[in-house]
Amino acid sequence: MCASYAAPPARRRGAARIAAATLGSGLVAAGVLTAAGPAAADETPRSPGGASATIGGLKTYGTAVVHDDTGDHQVSAGLFEMSVDGGGMLQTYCVDLHNPTQRDARYHETPWSGTSLGTNKDAGKIRWILQHSYPQVNDLAALADKAGVKNLTEQDAAAGTQVAIWRYSDGADVDAVDPQAEKLADYLQKSAQDMAEPRASLTLDPPAVSGRPGERLGPVTVHTDASSVTVTPPADAATSGVRVVDAHGKPVTSATDGSRLYFDVPKDTTTDGGDSTGDAIGDATHAAGGPAGTAELTVQASTTVPVGRAFTSDSRSQTQILAGSSESTVSATATATWAAQGPVPALAAEKDCAKGGLDIQAVNKGDEPFTFALMGTQHSIPAHASRTVLIPLQEDQAYDFTITGPAGFAQRFTGILDCRTQNDTAGLTTQTVADPTPAMAGNVADTTDLAETGGNDTTPLIAATGLSLLVLGATALSIVHKKKTTQD
């Protein structure tokens, strides 16, 4: 099982995440408002496109030992399974050893740039390992022969593969307990070569467009490895008259890789402020004010997700990387915003680990500047222009803010910046009972073992009891210290 453990203070992530979340809770910003108040932004996060899934347990695994300056820590290492929304199964390894896996955490397909892989020079070698080991290579005899071992079980193959990945993803000093698995890990590590990041299973680019009613808004380009995708028009298309069309104005119900889609918005079309999907991080609604409104289209397909795609969760659950996929449902959504006059913004966002923040891509197709304030800074997007605004964030910082605009435009962005596999912040070691507990944390042989991420229902009780003992111990030490100081 991919695991998290109690590392020395300079390497602990849990408390750093808590502190960052506390800082992030105050990160709420709004753009400049017009007379109309902002509509309430939809609170349901949407994925940037591709597969979304719920993580299950560790299905095939062995045992490994992580060595650090506090000693040797035992951990289970192997393959997780995920259930895909709409149908399908994924197999994943983790690339985030020092962060726990949360029970039933929701995951979505994510570019490497939004994860620790984006700044890891060895990320391509991890993909090579995935392509040349179990389960992609399910002929265990052939795999054993290449690794120079006699026999190789599925458990050994999974453990050896995970160990090799950790050496590149986390820079961990880790060994597989089983000699066969260890030889496989060594073979994979030494043989790994750089490979490019696989492209997404399905995305729409850009995920948000804007313009004037009476125009075709777009294009929105389909990028997919599926043979075809189905196109779902706006939910209120029958009443609003908004259609999804091609460049010639012909209605579109299916598309392929490279297809260019447009929103055909009648000149007098307005909407009643229905739901609208914003971007990879958040959602938006746009209340009508005259001939203004929003609409969204959704594309969906069934395909195998490319090996090496990253999967992240906004519930502080460790980052995963895809090792295998069944035929799975993938989807993506794009939004159009229109108004007859003034600024007409289209916003999208993407985590950027290389820059340490969130990139807000803002496009203004209106005839006036679109101005908004964020984190104490005023930003202005001129008419008929686009800008990328970087919102600097601390590692492990939870963010939640809304950008507002004319006619009730309001777009919310939520998430967590998780770009490193280790946190170097010293002194943040306190955890609270309210913190999420590691998913499926199993029993460990002794207090020096790593907390396994595949366990039982007693985890919350164990965590609470252990935390209480820590608090009592700290209190006792404080009392003794004060008493000794008084006596002195």
Side-chain angles (χ1 to χ4, degrees), residues 1-5 7-8 10-11 13 58 60-80 91-101 112 115-137 143-144 146-149 152 155-197 307-308 310-311 318-323 353 418-424 449-453:
M1 303 174 188
C2 192
S4 169
Y5 69 101
R11 297 171 63 184
R13 294 174 56 90
L58 206 67
T60 308
Y61 59 94
T63 306
V65 175
V66 178
H67 314 283
D68 64 20
D69 51 8
T70 65
D72 298 336
H73 311 272
Q74 184 172 301
V75 58
S76 296
L79 275 171
F80 282 95
Q91 292 177 299
T92 61
Y93 290 104
C94 90
V95 288
D96 197 0
L97 174 60
H98 301 280
N99 188 24
T101 303
W112 284 4
T115 73
S116 61
L117 297 172
T119 55
N120 185 341
K121 63 181 179 61
D122 292 321
K125 293 182 179 179
I126 296 173
R127 188 188 176 196
W128 187 96
I129 291 172
L130 294 167
Q131 294 279 20
H132 293 82
S133 190
Y134 182 78
Q136 286 301 302
V137 178
L143 184 59
K146 288 185 177 181
V149 299
L152 198 63
Q155 290 75 19
D156 292 340
T161 305
Q162 177 66 90
V163 165
I165 289 172
W166 277 335
R167 291 173 182 175
Y168 282 123
S169 66
D170 294 73
D173 182 3
V174 57
D175 300 310
V177 170
D178 185 272
Q180 312 304 319
E182 174 63 14
K183 287 183 180 180
L184 174 62
D186 288 343
Y187 157 73
L188 293 171
Q189 181 186 10
K190 293 174 182 177
S191 302
Q193 301 174 26
D194 193 47
M195 292 185 69
E197 176 182 3
V307 170
F311 280 78
Q318 62 195 186
T319 304
Q320 304 279 317
I321 191 165
L322 188 71
C353 286
D418 184 5
C419 292
R420 285 180 290 203
T421 58
Q422 295 188 20
N423 193 295
D424 297 327
D449 284 354
L450 283 71
E452 299 177 359
T453 56

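Fair warning: this is a prediction, and the values are worked out from it, not measured in the lab. Note: hydrogens, waters and symmetry copies are ignored here, and every other heavy atom, side chains too, is used. FYI, the numbering just counts along the sequence from 1.
For residues 124-133, the pairs satisfying salt bridge (charged side-chain N to carboxylate O under 4.0 Å, His left out) are D122-K125, with sequence neighbours left out.
W112 meets the ring pair (Phe, Tyr, Trp, His ring centres under 6.0 Å) test with no other residue; sequence neighbours excluded. By the side chain to side chain donor-acceptor pair (under 3.5 Å) test, T115 pairs with no residue at all, sequence neighbours left out. For S133, the side chain to side chain donor-acceptor pair (under 3.5 Å) partners are T161, not counting sequence neighbours. Remark: T63 pairs with Q74, V177 by the side chain to side chain contact (heavy atoms under 4.5 Å, CB included) rule, at least two apart or across chains. Here P179 pairs with nothing under the side chain to side chain contact (heavy atoms under 4.5 Å, CB included) rule; sequence neighbours left out.
We find the CG-NE2 distance between D175 and H67 to be 3.5 Å, quoted to the nearest 0.5 Å. Between atom CG of residue D170 and atom OG of residue S116 there is a gap of 7.0 Å, rounded to the nearest 0.5 Å. Atom CG of L58 sits about 8.5 Å away from atom OG1 of T101, to the nearest 0.5 Å. For the atom pair Q136 CD and Q91 CD, the distance stands at 8.5 Å (nearest 0.5 Å). Rounded to the nearest 0.5 angstrom, I126 CD1 and D194 CG are separated by 10.5 Å. Rounding to the nearest 0.5 Å places CD of Q162 at 8.0 Å from CG of L79.
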Candidate pair N99 and D418, rule side-chain contact (heavy atoms from CB on, under 4.5 Å), full reasoning: CA-CA 10 Å; N99 188 24; D418 184 5; 3.9 Å; yes
How far apart are the C-alpha atoms of I129 and Y93, what are their side-chain angles, what is the distance that settles it, and do they pass the side-chain contact (heavy atoms from CB on, under 4.5 Å) test? CA-CA 11 Å; I129 291 172; Y93 290 104; over 6 Å; no
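Using a 4.5 Å heavy-atom threshold, the side chains of Y134 and L152 count as separate. Side-chain contact check for I321 versus F311: every heavy-atom pair is 4.5 Å or farther apart. Contact annotation: the side chain of V95 never approaches that of N120 to less than 4.5 Å [non-hydrogen atoms, C-beta and beyond].
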Show me the side-chain donor-acceptor pairs of residues 180-188 shorter than 3.5 Å, one per line, residues at least two apart or across chains.
unit_1: E182; atom_1: OE1; unit_2: R167; atom_2: NH2; d: 3.3
unit_1: E182; atom_1: OE1; unit_2: A176; atom_2: N; d: 2.8
unit_1: E182; atom_1: OE2; unit_2: R167; atom_2: NH2; d: 3.0
unit_1: D186; atom_1: OD1; unit_2: R167; atom_2: NH1; d: 2.8

